[in-house]
Amino acid sequence: MKSNGVNRTLQAARTQELIYELKVQQAMTTKVITVEPENTMEDLRQILKLHQLSGTPVMNEGDLVGIVSVEDLIRSLLEGNGSEPVKQRMSANFVTLYADEPLVHAVQKFERHGFGRFPVIDRKTKELVGILTKGDIIRCMLQRLEIDFHEQEIRRYKPSDWFAELESDRTTLGLRYLIQGRNFQRAGEASSKLKQNLRTLGIAPEAVRRITIASYEAEMNLVIFTGGGELSAFVEPGKVTITVVDHGPGIPDIERAMQPGYSTAPDWVRELGFGAGMGLPNIKNCSNELKLDSKVGEGTNLQFTVFT
Amino acid sequence: MTLREIIETLQAKVVLDNHDERMVVERARASDLMSDVLTRVNPGALLLTGLTTPQSIYTAEMADVTVVCYVRGKRPQEETLRLAEERGLVLLSTDLPMYESCGRLYKKGLKGGTET
C-alpha cells in the first residue's frame with residue numbers, strides 16, 4: 001500500500017485488528033510481585049510502594065487465591081487496621097485471563113468487570129504467569145503500531161522505486177564518512193550510520209550485513225593503522241560499492257596482508273579485540289569484487305562491491 | 001533457549017534490560033576478538049565476550065547480535081552502555097569465566113554458530 005496522508009479509518013481498523021492479533025502473553029507483565037494471605041496490610045503497603053504497584057495477586061503455597069488492590073489498602077488504613085491479614089481484605093472472587101487469549105478478550109473483561117488488573121494463568125498448568133493492566137495493553141499496542149509504521153516508512157523509501165523515477169544513464173547515491181585515526185571511542189560509528197542508512201534505503205538485510213561487516217573492518221583498519229581517511233558508499237540499483245582511502249603509511253606486502261591470520265598489529269590493538277589478521281580476509285569474504293592498491297609512504301585505496 | 005534461562009544459567013546480572021525475558025536465543029558466539037566474531041553471522045545470537053569497549057557493541061550491531069554478555073565480572077564502559085542503549089541491545093554480566101560460561105550454556109543445549 002502506498003499512501004502519504006494518514007488515513008484515519010485505516011489506522012482505526014489497524015488498532016482493532018491488533019487487539020485480535022495480539023495475545024495476552026505479549027502484553028502482560030511477567031515479573032509478578034505477589035503477597036501471601038497471612039501478610040499484613042502494612043506489608044502490602046510497603047510492597048506496593050516499593051514496586052509502584054496498584055494491586056497484586058495473593059498466592060498461597062503456589063495457588064492463586066485472591067487479588068488485593070490499593071483501594072482495599074486505603075479502606076483498611078481508613079479503618080486504622082494495618083495489622084490485619086491480607087486475606088481479610090482481598091477479593092477472592094477474581095477473574096483470570098489465559099495467556100494465549102487474544103487481547104480483545106481482556107479488553108472485554110476490563111469493560112465488564114471494572115477491575116484494574118487481571119492475573120494471567122497458563123491454560124494447561126493453571127499456574128500464574130503474569131499480570132495484565134490497561135496500561136500494559138496500551139503500551140503493547142503502541143509498540144506494535146510503531147513497528148508497523150516503521151516498516152511502512154521503509155517500504156515507502158524503497159530505493160528501487162525512486163531510483164526508477166530519477167532519469168539518468170546511471171544513478172548513484174553517495175554517502176561519505178570521515179574517519180579519524182586512533183580515535184577508538186568512535187571507531188565503528190561510520191559503519192553503524194551506514195548500516196542504518198542502508199536499512200532505511202530498503203536494501204536486503206543479508207546484503208546490508210555483508211556491506212557493513214566489510215566497511216566496519218575497513219574502518220577499524222583506518223583507525224588502527226592510519227592517521228584517518230575517508231569511507232564512502234555508492235548505492236546503485238543492484239549493488240553497493242565502498243571506497244576507503246587513507247594517506248599512509250601504506251601496506252608493504254598486500255599478498256601477505258590478505259592472508260588470514262597475518263597481522264602487523266601491535267599488542268595494544270589486540271587488547272581492543274582487533275589485529276588478529278582477519279580484517280582484510282573478512283572484507284574479501286563479504287564482497288563480490290575487491291580491489292586493493294597501496295603505496296608505502298603514500299596511502300591505501302581499497303574498493304569493494306557487494307551485489308544487493 | 002530463552003533469555004530468562006540464559007540469565008539463570010550464567011547467574012548473570014542484567015545490565016541493560018531491553019527485551020522480554022521470554023525472547024528466544026538460538027545460538028551463541030564467544031570471542032574477545034571482534035574480527036573472529038565477524039567471520040560468521042548468526043542473526044539474533046548471544047555474544048559472550050570479555051571486551052567491554054564500544055567496539056563490542058558496534059560488532060554486535062554489524063553481526064545482528066541482540067544479546068551481549070560480558071564474562072569474568074566485567075562491566076561495560078560508559079560509552080559502551082550508551083551505544084547499547086541506543087541500539088536496543090540486551091547487556092548481561094556474569095562473574096563466570098569464558099570457558100565455564102560457554103560450557104554451561106552448551107550443556108543446556110544452546111548451539112554454536114556453525115552447527116546445524
Side-chain angles (χ1 to χ4, degrees), chain A residues 23 25-31 99 129-130 140 143 147 183-196 198-199 205-206 208-221 223-224 260-261 263 265 269-286, chain B residues 2-5 7 14 17-24 29-45 47-66 68 70-71 74 76-89 98:
Chain A
K23 302 276 185 270
Q25 58 199 357
Q26 288 170 279
M28 69 186 187
T29 305
T30 48
K31 280 181 204 152
V129 289
C140 178
Q143 272 173 5
I147 294 168
N183 187 343
F184 280 93
Q185 282 294 303
R186 298 185 59 190
E189 198 181 288
S191 299
S192 170
K193 285 180 185 158
L194 176 64
K195 182 161 191 167
Q196 284 160 28
L198 294 178
R199 275 202 190 132
E206 199 269 335
V208 172
R209 221 177 277 137
R210 288 198 291 141
I211 296 160
T212 52
I213 284 177
S215 82
Y216 179 45
E217 290 282 13
E219 183 179 354
M220 289 311 299
N221 280 347
V223 177
I224 294 167
S263 175
V269 172
R270 295 210 177 100
E271 277 158 29
L272 290 161
F274 287 88
M278 287 311 293
L280 284 170
N282 268 358
I283 296 173
K284 196 177 167 205
N285 282 342
C286 286
Chain B
T2 63
L3 183 56
R4 174 83 250 153
E5 287 170 302
I7 293 167
V14 179
D17 172 14
N18 266 322
H19 277 269
D20 197 309
E21 291 188 348
R22 287 162 298 171
M23 177 181 87
V24 175
R29 304 286 306 278
S31 185
D32 289 349
L33 281 173
M34 297 298 103
S35 287
D36 280 354
V37 176
L38 294 170
T39 51
R40 172 176 282 275
V41 169
N42 305 103
L47 171 63
L48 292 146
T49 185
L51 188 79
T52 57
T53 62
Q55 281 71 44
S56 62
I57 302 305
Y58 284 128
T59 303
E61 183 182 15
M62 299 315 151
D64 289 335
V65 161
T66 39
V68 179
Y70 298 106
V71 296
K74 292 194 177 186
Q77 298 171 8
E78 215 169 285
E79 175 68 1
T80 309
L81 199 62
R82 188 186 67 78
L83 290 172
E85 195 151 23
E86 266 180 17
R87 286 157 182 77
L89 297 180
M98 182 72 108

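Both backbone and side-chain heavy atoms feed into the values below; hydrogens, waters and symmetry mates do not. Note on naming: letters A, B, ... go to the chains in the order of the sequence lines (proteins, then strands), and numbering restarts at 1 for each one. Since we're looking at a predicted model, the values are computed, not measured.
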Given that the side chain runs from C-beta out, which part of B:Arg4 has a heavy atom under 4.5 Å from chain A: side chain, backbone, both or neither?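 Nothing of B:Arg4, per the 4.5 Å heavy-atom cut-off to chain A.
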Which atom names give the shortest non-hydrogen contact between B:Leu48 and B:Met98, and what distance separates them?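 Here B:Leu48 and B:Met98 meet closest at O-CE, 3.5 Å.
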What is the minimum heavy-atom distance between A:Arg209 and B:Pro43, and which atoms define it?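 Smallest heavy-atom distance, with atoms named: NH2-CG, 3.4 Å.
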Under 4.5 Å heavy-atom distance to chain B, tell me which part of [X] shows up: side chain, backbone, both or neither.
X	value
A:Thr30	side chain
A:Phe274	both
A:Glu189	both

Whether [X] side chain and [Y] backbone form a donor-acceptor pair below 3.5 Å:
X	Y	value
A:Thr212	A:Val208	yes
A:Gln26	A:Lys23	yes
B:Gln55	A:Leu272	no
B:Thr80	B:Thr52	yes

I need the contact set between residues 29-37 of chain B and chain A: heavy-atom distance under 4.5 Å, sorted by residue number.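 Against chain A, the residues of residues 29-37 of chain B that fall inside the cut-off (heavy atoms, under 4.5 Å) are B:Asp32, B:Leu33, B:Met34, B:Ser35, B:Asp36.
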Set of side-chain hydrogen bond (donor to acceptor under 3.5 Å, both in side chains) partners for [X], sequence neighbours left out:
X	result
B:Glu5	B:Thr2
B:Ser56	B:Tyr70
A:Asn282	A:Glu217

Greatest number of heavy atom pairs closer than 4.5 Å to chain A - which of B:Leu83, B:Thr53, B:Thr39: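 Looking at each option in turn, the highest pair count goes to B:Thr39.
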Most contacts with chain A, counted as non-hydrogen pairs under 4.5 angstrom, among B:Gln77, B:Arg22, B:Arg87: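 If we count pairs closer than 4.5 Å to chain A, B:Arg22 comes out on top.
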